[in-house]
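Got a structure here, written out as structure tokens. Questions coming.
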Amino acid sequence: MICLHGHIVFSPSTGDKTLDGYQKKKYVCKLLFIFLLGHDIDFGHMEAVNLLSSNKYTEKQIGYLFISVLVGASSDLMKLVIQSIKNDLVSRNPIHINLALHCMANVGSKEMADYVGGDIPKLLTSGETIDSVKQSAGLTLLRLQRSSPEMIPLGEWTSRIIHLLNDQHMGVVTSATSLIEALVRKNPDEYKSCVSLAVSRLSRIVTASYTDLQDYTYYFVPAPWLSVKLLRLLQNYPPPEDPSVRTRLTECLETILNKAQEPPKSKKVQHSNAKNAVLFEAINLIIHMDSDPNLLVRACNQLGQFLQHKETNLRSHNYALISDAMWPMESWRLFKGQTERDVSVRQRAVDLLYAMCDRSNAEEIVGEMLEYLESADYSIREEMVLKVAILAEKYAVDYTWYVDVILNLIRIAGDYVSEEFQLLHSKYHLCSPNTRGLLLSTYIKFINLFPEIKTSIQEILGSDNNLRNPDVELQQRCIEYLQLSTVASPDVLATVLEEMPPFPERESSILAKLKKKKPTATAEGGEEKEKEPRTIPQAQVNNAEPSAPVPLQAVNNTAPAGNAGGAAIDLLGLDTAPAPAAPAASSGLGFLVDVFGDQPATNGVDDDALTAGAEENFKKFFCKQNGVLFENDLLQIGIKAEYRQNLARVGVFFGNKTTFQFTNFTSNLVLADSSKSALSVQPKAVDPVVDGGAQVQQLFNIECIDSFSDAPLLKISFSYSGQVQKLNLKLPVIISKFLEPAEMNSEAFFTRWKALSQPEQECQKIFKAQFPQDTEQVKQKVLGFGLSILQGIDPNPDNFVSSAILHTRNQQVGCLVRLEPNKQMQMYRLTIRSTKPEISKALGDLLETQF
Amino acid sequence: MQFMLLFSRQGKLRLQKWFSAYPDRVKKKTTRELITLVLQRKPKMCSFLEWKDLKIVYKRYASLYFCCAIENDDNELLTLEVIHRYVELLDKYFGSVCELDIIFNFEKAYFMLDEFLLGGEVQESSKKNVLKAIAAQDLLQEEETPQGFFEDHGLG
């Protein structure tokens, strides 16, 4: 073998040309291997072609593989290949016929279609052909049709091809459906009779129980591939004319929609993917047929539900699917066409439209929404105005467009704007000079946004009170803003008053307002939120009664007798749940509020005690970086963290779930004494006021200096409705977050493993499994924890072998991990080795809690 | 489906299957571009991306990426399951398949793919039937094989 300019040139090792079949096969196989390793191979083709005429199956097979992978349709050798194919197609051995068919389907050249394509339809429809050959023949024909549509006349075969939909063998139907769909696209009329057959086939599948179809059931979904193919086939035709076929199809689609509502039969993502793939294709068909308003409404509702799906991955799939198909616009138009009575469905449609808006379709969607706004129901109008404003703000590429939209908005629903402005200004004289300054800046921005209140703003700016204000800052602002508003053209104004470039995670004030209107994502009845019971979180209960744990129920019971009277009884009536939750609505419960309000806000002993549930939630973050750290009725705390070597950037998000402000909001990170020298934390301050429905972010930049075992404590305190709330949570910044997975081969691994043989360098744990021992899940956890998964080291494939480097400022420590599940005993054995005993132990303690 | 690529986390192409005729130059360029594109993506990101006038559906299994290019109106959720079913087939056949199995038994990986997908469409979705076809091939191979072939071949 000679290496020449990166090309490998070599010849059969024997030197002469008399290779036997076996040697040729080996030679060709090696060439293939070299090609697949990424080298160019431009010889050996002849040897491969020779193999095709061998009567040994394996030699033939390798020959055909070489042709399929390496030889292009334009090769000079194609004539010889075609001759071999022709021979094999008439072979008595079906397995040889299949080889020839696969090769044709892989190369799929015009020449092939021309010379041998004519034999395929007969093979496909003959009663003597065995199923596996039929399957291959169907798709081979499809491939040849694609490369040279005119070559193979199918006229006489049409009816027999259509009837393959009735075949006993599901595999044959699967293959034939693809072929028929391709043929239908070219010639729908000729294949029209396939509709009723396809519908009855589909009907048999969707009504089958998942055991009926045996191996064609995929994760409890009956024949998803065939279903999708059939649904796509039907999208080539209008709704069936024959009423019975039509009814049957409607039933199929209804069944599919019904199944979507059923609880999943498996938690595996394969189940939901396959089920949703069928569902989406069904919805596609419903929208395509556009004939049954009932089905359309259900389809739209289903899409709406998907948009609120909890699992982001699926949701993003849905987004992709829906926006790809441009369904929102389609279904939206359908909605406009029919008179939908149900306001909540209309709301859904608007939600869908809003959710689907992106840069490419913003103009169209905003246009549609503005148009609809004029006739929209009053109950959804205000929200629609906000949505239009948000979309216009978010996707304003072109200022003319933006201004037009806002002008239109004001024309249609403008009364909101000026009223709100007057309301805001009525409080102006009560504000401190600093706030007034901010308000003035807000006003000048309003001129840009809402030109129709320009004159009222100019009046305010020009008033003596402002222009001659003793405060220099205010005076200067007024003069400058007034000048700006009179001198500048709208375009200049728009540029000058353009918003600041977005901060990360910034939230539009309008969006916050929208959230405030709808505190929870799931749409509930409009009045519900006004009286949602506000449970006092456990932490606060602790603070109130630390030493004498008087059951809250008892306090509640004494309250009405004391002084609150009827109002308190009412509240108890509302809160029938036996849980020790104290409903503390603002009025009528003076006594209870006093009881809690008068307690000292802090109490030395319990001050550092963790809030209930904090430990469990903390553990959930060992193998992931983002998620919800804490949630109660008042507050949701989310974490988003990024780690790079020994540095961490942890964003903590505080979401106020109520409609009221939190004041005196503080959030501090407290390090345990043992961690003080190991972690360096730079916190960013957080705003002391969190508005109702708003979310604020606090960022911590953390550097790991040395190894540590105690996670930092996040202490949060704020006032809500006059009561001090305190939370103590563990921030999931743990030593393992500074691990970086490392790859190594078996030799390196064992050398290192042996080198770390001192007993204190090893930490071994044997423990009972807390979760199902699903290999994939364990793997995800190992990877999420920051370890690599090394293949081919442990002979037992169930075991996990990993390595990683721990980065701290002072040192980098290599860690080796071995995790051995024992499924019979439902146990694990975990072994960790590293140069530092404390690190082995710390990692062992953390990992032990995860499986 | 237009084509299917298998490549490692290090960007090495392990298997390529083109269901339409592409010139070699285009194949190479496409492969390079897609490998870079997919490897750049973070684990939590969506498995679908738009690329030229095609959609790319990919999924990572251990150290291997399985990547399919489908037409715009194709069903990408189901394509994800095409990948999964192929992995299941490989796994069943090799018994806990790993990258090395596919490197050294590439021909089996190709034969299996031919039984499962043909011309870019699902030919046989039943795992049992595909494995039965491969078992039949293996039987023939055993009957025909002179001793030592497997070892020879396994060593490349």
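Proteins get letters first, then strands, A, B, ... in listed order; numbering begins at 1 in each. Just so it is clear, the values below take in all heavy atoms, side chains as well, and ignore hydrogens, waters and symmetry mates. Values in this document were obtained by computation on a predicted structure and should not be read as measured data.
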**Request:** Go through the atoms of B/Leu13 and report whether side chain, backbone, both or neither lie under 4.5 Å from a heavy atom of chain A.
**Result:** backbone
**Part of A/Leu36 within contact of chain B (heavy atom distance under 4.5 Å)** =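 Contact with chain B involves both backbone and side-chain atoms of A/Leu36.
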**Prompt:** So what's closer than 4.5 Å to chain B heavy atoms on A/Ser132: side chain, backbone, both or neither?
**Reply:** backbone
**Item:** A/Pro797 portion near chain B, given a 4.5 angstrom heavy-atom threshold
**Value:**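 Side chain only.
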**Asked** Relative to chain A, which segment of B/Gln16 carries a heavy atom at a distance below 4.5 Å: side chain, backbone, both, or neither?
**Response** side chain
**Request:** Take A/Trp225 and A/Tyr216 through the test ring-ring contact (aromatic ring centres under 6.0 Å, His included) and record every step on the way to the result.
**Result:** CA-CA 9 Å; A/Trp225 282 281; A/Tyr216 288 91; 9.8 Å; no
**Prompt:** Between A/His39 and A/Phe33, does the ring centre distance come in under 6.0 Å?
**Reply:** no
**Message:** Set out, in order, the CA-CA distance, both residues' side-chain angles and the distance that settles side chain to side chain donor-acceptor pair (under 3.5 Å) for A/Gln235 and A/His288, then state yes or no.
**Reply:** CA-CA 6 Å; A/Gln235 284 171 49; A/His288 165 82; 5.8 Å; no
**Asked** Which one of A/Val172, A/Ile62, A/Asn106 has the most heavy-atom pairs closer than 4.5 Å to chain B?
**Response** A/Asn106
**Complete:** Honestly, the part of A/Phe66 sitting under 4.5 Å from a heavy atom of chain B is neither
**Message:** Can you tell me which portion of A/Gln135 sits under 4.5 Å from chain B's heavy atoms? Options are side chain, backbone, both or neither.
**Reply:**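 Contact with chain B involves both backbone and side-chain atoms of A/Gln135.
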**Top of A/Met104, A/Glu743, A/Met170 for chain B proximity - count of heavy-atom pairs under 4.5 angstrom** =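 Looking at each option in turn, the highest pair count goes to A/Glu743.
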**Request:** Return the orientation label for the B/Tyr65 and B/Phe7 ring planes: parallel under 30°, perpendicular over 60°, tilted otherwise.
**Result:**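 Parallel.
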**Message:** One thing to verify: whether B/Glu50 and B/Lys55 come together as a salt bridge, which I'm taking to mean a side-chain N less than 4.0 angstrom from a carboxylate O.
**Reply:**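 Salt bridge absent between B/Lys55 and B/Glu50.
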**Request:** Assess whether atom NZ of A/Lys624 is packed by more than 12 heavy atoms of other residues, nucleotides or ligands within 6.0 Å.
**Result:** yes
**Prompt:** Is chain B contacted by the side chain of A/Ser136, its backbone, both, or neither, given a heavy-atom distance below 4.5 Å?
**Reply:** both
**Top of A/Thr140, A/Ile789, A/Val69 for chain B proximity - count of heavy-atom pairs under 4.5 angstrom** = A/Val69
**Contact winner vs chain A - B/Lys28, B/Arg85, B/Gln123, heavy-atom pairs under 4.5 Å** =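 Sorted descending by pairs with chain A, the first entry is B/Gln123.
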**Asked** Taking A/Ser788 for the side chain and A/Leu790 for the main chain, is one N or O donor matched with an acceptor at less than 3.5 Å?
**Response** no
**Asked** A/Tyr64 and A/His102: aromatic ring centres closer than 6.0 Å?
**Response**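 No: the rings miss the under 6.0 Å criterion.
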**Asked** What's the verdict on side chain to side chain contact (heavy atoms under 4.5 Å, CB included) for A/Thr177 and A/Val173, showing C-alpha distance, side-chain angles and the deciding distance?
**Response** CA-CA 6 Å; A/Thr177 310; A/Val173 186; 3.8 Å; yes
**Asked** Looking at A/Ser178, A/Ser175, A/Ala274, which has the largest count of heavy-atom pairs under 4.5 Å with chain B?
**Response**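 Of A/Ser178, A/Ser175, A/Ala274, A/Ser178 has the most heavy-atom pairs under 4.5 Å with chain B.
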**Prompt:** Would you say the ring centroid of B/Tyr61 lies under 6.0 angstrom from that of B/Phe66?
**Reply:** yes
**Item:** Partner chain A: residue of B/Glu115, B/Glu88, B/Arg14 with the largest heavy-atom pair count (under 4.5 Å)
**Value:** B/Glu88
**Item:** Which of B/Ser125, B/Ser96, B/Pro43 touches chain A most, by non-hydrogen pairs under 4.5 Å
**Value:** B/Ser125
**Request:** Give the ring-plane orientation class for B/Tyr22 versus B/Phe3, where under 30° counts as parallel, over 60° as perpendicular and anything between as tilted.
**Result:**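 Perpendicular.
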**Asked** Looking at A/Glu776, A/Arg146, A/Gln791, which has the largest count of heavy-atom pairs under 4.5 Å with chain B?
**Response**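 Looking at each of A/Glu776, A/Arg146, A/Gln791 in turn, A/Arg146 comes out on top.
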**Message:** Need one label for B/Ile103: side chain, backbone, both or neither, based on atoms under 4.5 Å from any heavy atom in chain A.
**Reply:** both
**Fill in**
Ranked by heavy-atom pairs below 4.5 Å to chain A, first place among B/Val82, B/Thr31, B/Asp24 goes to B/Val82
